[in-house]
**Q** 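Here it is: the structure, laid out below.
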Amino acid sequence: MTEIEIGRGKRGRRAYSFDDIAVVPSRRTRDPKEVSIAWQIDAYRFELPFLAAPMDSVVSPAQAIAIGQLGGLGVLNLEGLWTRYEDPQPLLDEIAEIADGASATRRLQEIYAAPIQADLIGRRIREVRESGVVTAAALSPQRTAEFSKAVVDAGVDVFVIRGTTVSAEHVSGAAEPLNLKQFIYELDVPVIVGGCATYTAALHLMRTGAAGVLVGFGGGAAHTTRNVLGIQVPMATAVADVAAARRDYMDESGGRYVHVIADGGVGYSGDIAKAVACGADAVMIGAALARATDAPGKGFHWGMEAVHEELPRGKRVNLGTVGSTEEILTGPSHTPDGTMNLFGALRRAMATTGYSELKEFQRVEVTVSHR
């Protein structure tokens, strides 16, 4: 790819966000009812190709159950309020009522300073598991070694290791880093790991044995990593690069398929179609679900980056509400802006361009647009 000269001493590659691209219709169209958007990872099949982000504003145990019953996969945040407090509902109510952003950040730091309780990890996972839906839960790489036994003992089905940036080669002189390859090898459940945003980083994560990789830095609408650290990779380019890494890893490994999951920048239904068009198998959704009337955050949204005790890289944002979780996922929609019936829109986008399966839709033509 052609590099652009930024200055005499630095060159850079042009990268594209989902806003920069558009899906191109083909010569064929289909009936939306004949389109399948089902997704399967390991032994688990889902009617909707998405994971709900492990954020306290999006997923509670009750919400994880509801999302599972609607055909998706809700991922519990095992470092959030539900594993620090017996009853976090009063705190969720308080967070929604704080007037200004600066006060919200300070209060979030105080609330999340409470210790994580291993027994609550087990109880929350079992609560979801006993409902009969597929159970998924997330830890950061820093906490995985400490709490993974409690997670596995509770019977989690899918283990997610999620951080702003996760590498297969974390270097630390202060503590022994998590050996991802060994950890995944010794685990009996599929592991999804990320985020990553480049071909090389993704290829290294795939070589650890992960069942799926998260592409992007997560956080989306509540994320300030670009402002705080100066780090960002536009999502269309990131997903396409990681999809290329998967293709090459399949050749290298003799056909082993690793799922690519777009995590970040997926706020509207059109973004989901573009993510799949760039090579994603599924998406991880945060902000779009935080707009649900039954979401734990009541229309407010924040991630774990916002509660860091030294350098917050996120904020609590007020997204408002548009409808129930079911309406946001599968309709009917009462808004024209892509915030509701997310997967009805994906089905229609595939039908309009003539594709009947997600795998086929990854081959759709895209164009660079100027909005």
Side-chain angles (χ1 to χ4, degrees), residues 16 18 21-52 70-73 134 136 158 160 190-194 196 199 202-203 205-207 209-216 235-266 269-285 329-330 341-367:
Y16 299 93
F18 291 140
I21 68 167
V23 175
V24 178
S26 68
R27 63 181 177 84
R28 181 184 294 116
T29 57
R30 293 183 183 274
D31 185 332
K33 295 177 182 177
E34 298 175 0
V35 171
S36 171
I37 58 172
W39 172 60
Q40 181 163 335
I41 182 167
D42 203 75
Y44 306 107
R45 177 184 168 89
F46 304 94
E47 293 306 310
L48 304 179
F50 88 97
L51 299 81
L70 290 168
L73 180 61
V134 179
V158 179
V160 179
V191 176
I192 296 171
V193 61
C196 65
Y199 172 95
L203 190 59
L205 288 181
M206 291 173 185
R207 289 169 177 162
V213 294
L214 300 171
V215 184
M235 281 296 292
T237 296
V239 172
D241 281 350
V242 174
R246 173 184 58 204
R247 178 197 62 212
D248 292 347
Y249 177 69
M250 286 184 70
D251 291 339
E252 173 187 306
S253 63
R256 184 176 179 273
Y257 191 88
V258 180
H259 294 268
V260 172
I261 301 162
D263 179 14
V266 189
S269 56
D271 298 326
I272 299 173
K274 294 175 188 180
V276 177
C278 288
D281 299 287
V283 296
M284 180 169 272
I285 299 176
L329 293 176
T330 58
N341 198 3
L342 303 180
F343 292 98
L346 173 62
R347 191 185 301 274
R348 187 165 292 274
M350 292 171 60
T352 301
T353 54
Y355 294 89
S356 60
E357 303 279 347
L358 287 173
K359 285 287 172 208
E360 297 174 355
F361 190 55
Q362 291 174 345
R363 300 194 298 267
V364 70
E365 181 183 352
V366 298
T367 185

**Q** Mind checking whether Tyr249 and Leu205 have side chains closer than 4.5 Å, heavy atoms only?
**A** no
**Q** What residues, two or more places apart in sequence or in another chain, satisfy side chain to side chain donor-acceptor pair (under 3.5 Å) together with Thr29?
**A** none
**Q** Excluding sequence neighbours, so at least two apart, what forms salt bridge (Lys or Arg N to Asp or Glu O under 4.0 Å) with Arg246?
**A** Asp281
**Q** Does any part of the side chain of Ser253, heavy atoms only, come nearer than 4.5 Å to the side chain of Val258, both counted from C-beta?
**A** no
**Q** Does Leu70 have any side-chain contact (heavy atoms from CB on, under 4.5 Å) partners at least two apart in sequence or in another chain, and if so, which?
**A** Thr325, Glu326, Leu329
**Q** Quick test of your reading: applying salt bridge (charged side-chain N to carboxylate O under 4.0 Å, His left out), list the pairs with at least one residue in residues 29-45, sequence neighbours left out, ordered by first then second residue.
**A** Arg45-Glu47
**Q** Determine the minimum heavy-atom distance between Tyr16 and Thr237, stating which atoms define it.
**A** N-OG1, 2.6 Å
**Q** Going by ring pair (Phe, Tyr, Trp, His ring centres under 6.0 Å), name the residues that satisfy it together with Phe361, two or more places apart in sequence or in a different chain.
**A** Tyr355
**Q** Not counting sequence neighbours, which residues clear side-chain contact (heavy atoms from CB on, under 4.5 Å) with Ser36? List them please.
**A** Ala38, Glu357
**Q** Is the backbone of Ser26 close enough, under 3.5 Å, to the side chain of Thr353 for a donor and an acceptor to pair up by distance?
**A** no
**Q** Does any non-hydrogen side-chain atom of Ile285 lie less than 4.5 Å from one of Ile272?
**A** yes
**Q** Can you tell me if Lys274 uses its side chain to pair, donor with acceptor, with the backbone of Ile21 under 3.5 Å?
**A** yes
**Q** Assess whether side-chain contact (heavy atoms from CB on, under 4.5 Å) is satisfied between Arg348 and Val35, documenting all intermediate values.
**A** CA-CA 8 Å; Arg348 187 165 292 274; Val35 171; over 6 Å; no
**Q** List for me each residue that meets side-chain contact (heavy atoms from CB on, under 4.5 Å) alongside Ala210, sequence neighbours excluded, and say none if there are none.
**A** Ile184, Val193, Thr208
**Q** Under the rule for ring pair (Phe, Tyr, Trp, His ring centres under 6.0 Å), what residues qualify as partners of Phe343, not counting sequence neighbours?
**A** Phe50
**Q** Met350 versus Leu358: any side-chain heavy-atom pair under 4.5 Å?
**A** yes
**Q** Looking at Val266, Ile192, Leu73, Leu214, which hits side-chain contact (heavy atoms from CB on, under 4.5 Å) with Met284?
**A** Leu214
**Q** With sequence neighbours excluded, tell me which residues meet side-chain contact (heavy atoms from CB on, under 4.5 Å) with Pro25.
**A** none
**Q** Going by side chain to side chain donor-acceptor pair (under 3.5 Å), name the residues that satisfy it together with Gln40, two or more places apart in sequence or in a different chain.
**A** none
**Q** So do Val213 and His259 actually touch side chain to side chain, heavy atoms under 4.5 Å?
**A** no
**Q** To the nearest 0.5 angstrom, please state how far the OG atom of Ser356 sits from the CD1 atom of Ile37.
**A** 12.5 Å
**Q** Go through the structure and list residues passing salt bridge (Lys or Arg N to Asp or Glu O under 4.0 Å) with Arg207, not counting sequence neighbours.
**A** Glu252
**Q** Check Val366 against Ala277 and note the closest heavy-atom contact, atom names and distance.
**A** CG1-CB, 3.9 Å
**Q** Can you find a pair of side-chain heavy atoms, one from Val283 and one from Leu342, that are under 4.5 Å apart?
**A** no
